[in-house]
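Count residues from 1 along the sequence.
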Amino acid sequence: MTTAYSESSTERIPGRVWTVRLTGFADRSATVTCSTSACRMPARSKDLPALRAFAARHAAAHAKAATLRPNAACHCRADRCAAHEDTRVHCTGAAVLILRHDPTIGRVWSVEEVCETCAPLIPHARTIARAPRPRPAATALKAPAPKVPAPARAGVPGGFSSPSAPADGDAPRRRPRPGPRRGGQTR
(Lines give C-alpha, C1' and ligand atoms only; values in the text may rest on other atoms or scores of the structure.)
Protein backbone atom coordinates (compact mmCIF):
# COMPACT_ATOMS: atom_id res chain seq x y z
CA MET A 1 0.00 0.00 0.00
CA THR A 2 2.98 2.35 0.41
CA THR A 3 3.64 4.29 -2.76
CA ALA A 4 6.91 6.12 -2.39
CA TYR A 5 8.07 8.28 -5.24
CA SER A 6 11.64 9.33 -5.89
CA GLU A 7 11.90 10.39 -9.55
CA SER A 8 12.94 14.01 -10.00
CA SER A 9 11.99 14.52 -13.64
CA THR A 10 9.95 17.56 -14.66
CA GLU A 11 8.15 15.57 -17.35
CA ARG A 12 4.46 14.98 -16.55
CA ILE A 13 3.52 11.42 -15.66
CA PRO A 14 -0.02 10.00 -15.51
CA GLY A 15 -1.92 10.78 -12.32
CA ARG A 16 -2.76 7.81 -10.13
CA VAL A 17 -6.05 6.76 -8.60
CA TRP A 18 -6.94 4.26 -5.89
CA THR A 19 -10.57 3.16 -5.74
CA VAL A 20 -12.22 1.31 -2.86
CA ARG A 21 -15.66 -0.04 -3.69
CA LEU A 22 -18.38 -1.64 -1.58
CA THR A 23 -20.44 -4.01 -3.73
CA GLY A 24 -23.78 -5.41 -2.50
CA PHE A 25 -25.46 -8.68 -3.48
CA ALA A 26 -29.07 -9.94 -3.59
CA ASP A 27 -28.64 -11.94 -0.37
CA ARG A 28 -27.94 -8.67 1.50
CA SER A 29 -24.24 -9.37 1.80
CA ALA A 30 -21.42 -7.23 0.43
CA THR A 31 -17.72 -7.24 -0.42
CA VAL A 32 -15.06 -4.57 -0.39
CA THR A 33 -12.65 -4.35 -3.32
CA CYS A 34 -9.62 -2.16 -3.92
CA SER A 35 -8.06 -1.20 -7.24
CA THR A 36 -4.67 -2.14 -5.80
CA SER A 37 -4.43 -5.91 -6.17
CA ALA A 38 -1.90 -6.24 -3.34
CA CYS A 39 -4.40 -5.01 -0.73
CA ARG A 40 -6.07 -7.62 1.47
CA MET A 41 -9.83 -7.23 1.78
CA PRO A 42 -12.24 -8.81 4.27
CA ALA A 43 -14.43 -11.73 3.23
CA ARG A 44 -17.97 -11.27 1.94
CA SER A 45 -20.20 -10.40 4.88
CA LYS A 46 -23.70 -9.35 5.86
CA ASP A 47 -22.31 -6.82 8.37
CA LEU A 48 -22.68 -3.78 6.08
CA PRO A 49 -21.80 -1.09 8.67
CA ALA A 50 -18.50 -2.88 9.46
CA LEU A 51 -17.66 -3.23 5.75
CA ARG A 52 -18.52 0.42 5.11
CA ALA A 53 -16.28 1.51 8.01
CA PHE A 54 -13.47 -0.74 6.72
CA ALA A 55 -13.76 0.75 3.20
CA ALA A 56 -13.56 4.32 4.56
CA ARG A 57 -10.53 3.47 6.72
CA HIS A 58 -8.86 1.68 3.80
CA ALA A 59 -9.28 4.69 1.48
CA ALA A 60 -7.93 6.97 4.22
CA ALA A 61 -4.92 4.65 4.62
CA HIS A 62 -4.19 4.92 0.88
CA ALA A 63 -4.44 8.70 1.15
CA LYS A 64 -2.05 8.75 4.11
CA ALA A 65 0.46 6.36 2.52
CA ALA A 66 0.48 7.95 -0.93
CA THR A 67 3.37 10.24 -1.74
CA LEU A 68 2.14 12.98 -4.02
CA ARG A 69 4.31 13.29 -7.10
CA PRO A 70 4.85 16.98 -8.00
CA ASN A 71 5.02 16.19 -11.73
CA ALA A 72 1.82 14.09 -11.84
CA ALA A 73 -0.59 14.95 -14.62
CA CYS A 74 -4.25 15.42 -13.79
CA HIS A 75 -6.04 12.07 -13.47
CA CYS A 76 -9.31 13.90 -14.04
CA ARG A 77 -8.09 14.87 -17.50
CA ALA A 78 -7.46 11.20 -18.30
CA ASP A 79 -11.17 10.64 -17.61
CA ARG A 80 -11.99 13.65 -19.88
CA CYS A 81 -13.01 15.65 -16.81
CA ALA A 82 -16.10 13.48 -16.28
CA ALA A 83 -16.03 14.27 -12.55
CA HIS A 84 -16.94 17.89 -13.31
CA GLU A 85 -18.50 17.66 -16.77
CA ASP A 86 -20.69 20.73 -16.18
CA THR A 87 -17.58 22.93 -16.03
CA ARG A 88 -14.83 22.55 -18.61
CA VAL A 89 -11.41 23.91 -17.74
CA HIS A 90 -7.86 23.49 -18.92
CA CYS A 91 -5.96 21.26 -16.52
CA THR A 92 -3.21 23.45 -15.10
CA GLY A 93 -1.31 24.05 -11.93
CA ALA A 94 0.44 21.89 -9.39
CA ALA A 95 -0.68 18.39 -8.52
CA VAL A 96 -2.92 17.82 -5.50
CA LEU A 97 -4.15 14.64 -3.86
CA ILE A 98 -7.89 14.45 -3.22
CA LEU A 99 -10.13 12.04 -1.35
CA ARG A 100 -13.51 11.73 -3.01
CA HIS A 101 -16.60 10.12 -1.48
CA ASP A 102 -20.21 10.84 -2.31
CA PRO A 103 -22.15 10.28 0.92
CA THR A 104 -25.48 9.86 -0.89
CA ILE A 105 -24.18 6.87 -2.83
CA GLY A 106 -21.84 5.75 -0.07
CA ARG A 107 -20.26 2.85 -1.96
CA VAL A 108 -17.15 4.28 -3.62
CA TRP A 109 -14.12 6.07 -2.17
CA SER A 110 -11.28 7.25 -4.38
CA VAL A 111 -7.92 8.89 -3.83
CA GLU A 112 -6.70 10.73 -6.94
CA GLU A 113 -3.83 12.88 -8.17
CA VAL A 114 -5.43 15.80 -9.99
CA CYS A 115 -4.47 19.36 -10.90
CA GLU A 116 -5.26 22.29 -8.62
CA THR A 117 -7.65 23.68 -11.24
CA CYS A 118 -9.90 20.59 -11.32
CA ALA A 119 -9.77 19.81 -7.59
CA PRO A 120 -12.28 22.45 -6.40
CA LEU A 121 -14.68 21.53 -9.23
CA ILE A 122 -14.97 17.85 -8.28
CA PRO A 123 -18.01 17.33 -6.05
CA HIS A 124 -17.63 15.54 -2.70
CA ALA A 125 -13.84 15.81 -2.78
CA ARG A 126 -11.43 17.35 -0.35
CA THR A 127 -7.78 18.16 -0.93
CA ILE A 128 -5.53 16.19 1.40
CA ALA A 129 -2.06 17.02 0.02
CA ARG A 130 -0.45 19.62 -2.22
CA ALA A 131 2.75 19.27 -4.23
CA PRO A 132 5.44 21.77 -3.33
CA ARG A 133 5.94 24.46 -5.94
CA PRO A 134 9.11 23.82 -7.93
CA ARG A 135 11.78 26.48 -7.53
CA PRO A 136 13.38 27.90 -10.64
CA ALA A 137 16.67 26.15 -11.40
CA ALA A 138 18.74 29.34 -11.11
CA THR A 139 17.32 30.14 -7.67
CA ALA A 140 17.55 26.58 -6.37
CA LEU A 141 21.24 26.21 -7.26
CA LYS A 142 22.37 29.72 -6.39
CA ALA A 143 24.01 29.99 -2.99
CA PRO A 144 23.24 33.08 -0.95
CA ALA A 145 25.79 35.83 -1.45
CA PRO A 146 28.18 36.18 1.48
CA LYS A 147 27.79 39.40 3.42
CA VAL A 148 30.66 41.77 2.83
CA PRO A 149 31.62 43.76 5.90
CA ALA A 150 31.68 47.52 5.61
CA PRO A 151 35.14 48.85 4.77
CA ALA A 152 37.12 49.73 7.85
CA ARG A 153 38.01 53.35 8.40
CA ALA A 154 41.65 54.20 8.07
CA GLY A 155 43.27 54.57 11.45
CA VAL A 156 45.02 57.72 12.54
CA PRO A 157 47.77 57.62 15.14
CA GLY A 158 46.46 58.42 18.58
CA GLY A 159 43.44 56.07 18.43
CA PHE A 160 41.12 58.26 16.40
CA SER A 161 39.55 57.20 13.16
CA SER A 162 39.41 59.21 10.00
CA PRO A 163 36.09 60.67 8.93
CA SER A 164 34.17 58.59 6.44
CA ALA A 165 34.71 59.50 2.82
CA PRO A 166 31.80 61.38 1.22
CA ALA A 167 30.13 59.99 -1.89
CA ASP A 168 31.68 60.76 -5.27
CA GLY A 169 30.96 64.28 -6.45
CA ASP A 170 30.11 65.40 -2.91
CA ALA A 171 33.69 65.87 -1.72
CA PRO A 172 34.20 69.31 -0.19
CA ARG A 173 36.98 71.43 -1.65
CA ARG A 174 39.82 72.26 0.66
CA ARG A 175 41.21 75.72 0.83
CA PRO A 176 44.89 75.95 0.32
CA ARG A 177 46.79 76.87 3.45
CA PRO A 178 48.50 80.17 3.52
CA GLY A 179 52.20 80.07 3.04
CA PRO A 180 54.44 78.23 0.71
CA ARG A 181 54.88 74.49 0.97
CA ARG A 182 58.01 72.98 -0.27
CA GLY A 183 58.96 69.38 -0.66
CA GLY A 184 60.51 68.00 2.45
CA GLN A 185 59.11 70.70 4.73
CA THR A 186 56.89 69.75 7.56
CA ARG A 187 54.52 71.88 9.51
Arg100/Glu112 salt bridge by N-O under 4.0 Å criterion:
yes
Report task. For the residue pair His58 and His62, categorise the inter-ring angle as parallel (less than 30°), tilted (30 to 60°) or perpendicular (more than 60°). Result -> perpendicular
Between Arg130 and Glu116, is any pair of side-chain heavy atoms under 4.5 Å apart?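 Result yes, sub-4.5 Å side-chain heavy-atom pair found.
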Quick check: closest heavy atoms across [X] and [Y], and the distance to 0.1 Å?
X: Leu22; Y: Leu51; result: CD1-CB, 3.7 Å
X: Arg69; Y: Pro14; result: NH2-O, 2.5 Å
X: Cys115; Y: Gly93; result: CB-O, 4.4 Å

*asked:* Strictly distance-based, threshold 3.5 Å: is any side-chain N or O of Ser35 a donor or acceptor partner for the main-chain N or O of Thr19?
replied: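 Yes, because the side chain of Ser35 sits within donor-acceptor range (under 3.5 Å) of the backbone of Thr19.
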| task | Answer yes or no: is there a donor N or O on one side and an acceptor on the other, between the side chain of Glu113 and the main chain of Arg16, under 3.5 Å? | result |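 Yes; judged by distance alone, with no hydrogens or angles, the pair exists.
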Given the rule that I, L, V, M, F, W and Y join up when any side-chain heavy atoms are under 4.5 Å apart, are [X] and [Y] in one cluster?
X: Phe54; Y: Trp18; result: no
X: Val20; Y: Leu99; result: no
X: Val32; Y: Val111; result: no

Checklist entry - Measuring from Leu68:CG to Ile128:CD1, what's the distance to the nearest 0.5 Å? => result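 Here the rounded value is 9.0 Å.
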Value for OG1 (Thr36) from CE (Met41), rounded to nearest 0.5 Å, stands at 8.0 Å
Residue pairs meeting salt bridge (Lys or Arg N to Asp or Glu O under 4.0 Å), one or both in residues 30-59, sequence neighbours left out, come to Asp27-Arg44
- prompt: Please walk me through it: do Ile98 and Ile122 pass side-chain contact (heavy atoms from CB on, under 4.5 Å)?
  reply: CA-CA 9 Å; Ile98 62 167; Ile122 298 173; 3.7 Å; yes
Members sharing Leu48's hydrophobic cluster, built from side-chain contacts under 4.5 Å between Ile, Leu, Val, Met, Phe, Trp and Tyr, are none
Could you walk me through whether Asp102 and Val108 pass the side-chain contact (heavy atoms from CB on, under 4.5 Å) test, one step at a time?
-> CA-CA 7 Å; Asp102 186 346; Val108 179; over 6 Å; no
